Amino acid sequence: MKKIVVIGGGTMGLDIAQVFARSGFDVVVRDISEEIIKNSEARLNKALDKQVSKGKLDEAGKQAITGRMTFTTDLNLAADADLVVEAAIENLDIKKQVFADLDKICKPETILASNTSSISITAIAAATQRPDKFIGMHFFNPATVMKLVEVIRGAKTSDETFKTVYELAKTIGKDPVEVNEAPGFVVNKILIPMINEACDLVYTGVASAEDIDKAMQLGANHPMGPLALGDLIGLDVCLAIMDTIYQESGDPKYRASLLLRKMVRAGFLGRKTGKGFHDYNK
Ligand code: 3HC
């Protein structure tokens, strides 16, 4: 593996791209508009400058990382990629379209991976003619820091594809787990319903957002409270995951909190919009 293409220059896509570039891979970050891609490049520079100012990276190291990264709107740059990791919006139709296009553009050996947080790998793979070379490669936010990668087998993922991606995750300094496809996979199936429960505790007036987060930090030793974590992940992403788990399982225990849905409708999505359960404009 030499060349990796990351589809999506948002929070996850950019961090995933940075992780690969730090490990010496040539990385292309592709998004749909010049404005988005310029913004991604600026955010990368800012994040690396922060590392330099902390003494965690020197200027030469920064140049080496940025020198390995290309930002583009041109999907054709994926033609000779060894791996494509998609981190676009959580929408099955959009993902299927992206992968149908990639399937035509990429060389036959290219492995196609999705960083989807809960959508069926088998369903996305069905948009391609290479479901044996299709896999889930699920990173965790912030992807530059979190050690886990869930490597998710779809119904037709080959053992060879699985082994290649599992080993690759180790090569980039991550600690992978093997997962068979199921809605929410492992971490999100446990984590997102917990965040949803925290939303309901706010909704039913049991405690304030601050006290719920404090309770879980001090009472369960979580590094951050569930509502602060929901704000970090993005409340829209949390809602999309709850809705997928609910639809796929048909189990009412996975019904999204009415408050979570209301906040997403209002545009209170967490850190990325400056306000979620906590205020980030201060
Ligand atoms: N982006 C990039 N780097 C970040 C960051 C961010 N948002 N937040 C913190 N960091 C970095 C810091 O720069 C620091 O790096 P350094 O050691 O090189 O200086 C390091 O992380 C530690 O940060 P801090 O000392 O400031 O803060 P903490 O020790 O409190 O750690 C945290 C911050 C790592 C975010 C920690 O609070 C944590 O682990 N929280 C839980 C995160 C979590 O559960 N993520 C999974 C979400 S689920 C998911 O992503 C799946 C998806 O499908 C929804």
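Keep in mind that the numbers below use all heavy atoms, side chains included, and drop hydrogens, waters and symmetry copies. Computed from a prediction, not measured in an experiment: that's the story for all the values here. Each ligand, and each atom within it, is numbered from 1 in the order the structure gives.
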Which part of [X] is near ligand 1, with near meaning a heavy atom under 4.0 Å away: side chain, backbone, both or neither?
X: M146; value: side chain
X: P142; value: side chain
X: L229; value: side chain
X: K54; value: side chain

Verify [atom]: protein non-hydrogen atom under 4.0 angstrom away:
atom: atom 13 (O) of ligand 1; result: yes
atom: atom 23 (O) of ligand 1; result: no
atom: atom 46 (C) of ligand 1; result: yes
atom: atom 52 (C) of ligand 1; result: yes
atom: atom 29 (O) of ligand 1; result: no
atom: atom 17 (O) of ligand 1; result: yes
atom: atom 1 (N) of ligand 1; result: yes
atom: atom 32 (C) of ligand 1; result: no

Provide, to 0.1 Å, the distance between [atom] and the closest protein heavy atom, together with that atom's residue and name.
atom: atom 49 (C) of ligand 1; value: F140 CD2, 3.4 Å
atom: atom 54 (C) of ligand 1; value: I233 CG2, 3.4 Å
atom: atom 50 (O) of ligand 1; value: N141 N, 2.8 Å
atom: atom 36 (C) of ligand 1; value: P223 CB, 4.0 Å
atom: atom 11 (C) of ligand 1; value: V145 CG2, 3.5 Å
atom: atom 41 (C) of ligand 1; value: M224 SD, 3.6 Å
atom: atom 48 (S) of ligand 1; value: L191 CD2, 3.5 Å

Problem - Test item, H222 contacting ligand 1 (heavy atom, 4.0 angstrom) - result: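 No heavy atom of H222 comes that close to ligand 1.
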[X] side chain to [Y] side chain, donor-acceptor N/O pair below 3.5 angstrom:
X: D93; Y: Q97; result: no
X: T122; Y: E181; result: yes
X: N188; Y: S118; result: no
X: S158; Y: T161; result: yes

Problem - R153 charged N/C atom sitting above F162 aromatic ring, 6.0 Å / 45° - result: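 Judged by the rule, R153 and F162 form a cation-pi pair.
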Handout entry: Sub-3.5 Å N/O-N/O distance, H138 and ligand 1
Key =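 Yes, since at least one N or O of H138 sits under 3.5 Å from an N or O of ligand 1.
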Problem - Expected output: side-chain D231 to main-chain F277 donor-acceptor under 3.5 Å - result: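 Yes, because the side chain of D231 sits within donor-acceptor range (under 3.5 Å) of the backbone of F277.
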Handout entry: Polar side-chain atom of K174 near backbone of A143 as donor-acceptor pair, under 3.5 Å
Key =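 Side chain of K174 to backbone of A143: a pair is present.
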Exercise for the section: Could you grab the distance from atom CD of Q18 to atom CG of L48, nearest 0.5 Å is fine? Expected result: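 Those atoms lie 5.0 Å apart.
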Problem - Lys/Arg N to Asp/Glu carboxylate O, D175 vs K170, below 4.0 Å - result: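 No, D175 and K170 are not salt-bridged.
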Practice task
Flag the pair F99 / F134 as yes when their ring centroid distance falls below 6.0 Å, and as no otherwise.
Solution key: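 Yes - the distance between ring centres of F99 and F134 falls below the 6.0 Å cut-off.
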Exercise for the section: Tell me whether M69 is reachable from I7 by hopping between hydrophobic residues (I, L, V, M, F, W, Y) whose side-chain heavy atoms are closer than 4.5 Å. Expected result: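 No, no single cluster joins them.
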Handout entry: Where ligand 1 meets T144 - atom numbers and elements under 4.0 angstrom, heavy-atom basis
Key =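 Under 4.0 Å from T144, ligand 1 has these atoms: 2 (C), 3 (N).
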Practice task
Please work out whether the ring planes of H278 and Y280 are parallel, tilted or perpendicular, with thresholds of 30° and 60°.
Solution key: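 Perpendicular: the ring planes of H278 and Y280 meet at over 60°.
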Practice task
Can you see which heavy atom on L77 is nearest to which on V5, and at what distance?
Solution key: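 Result for this residue pair: O-CG2, 4.1 Å.
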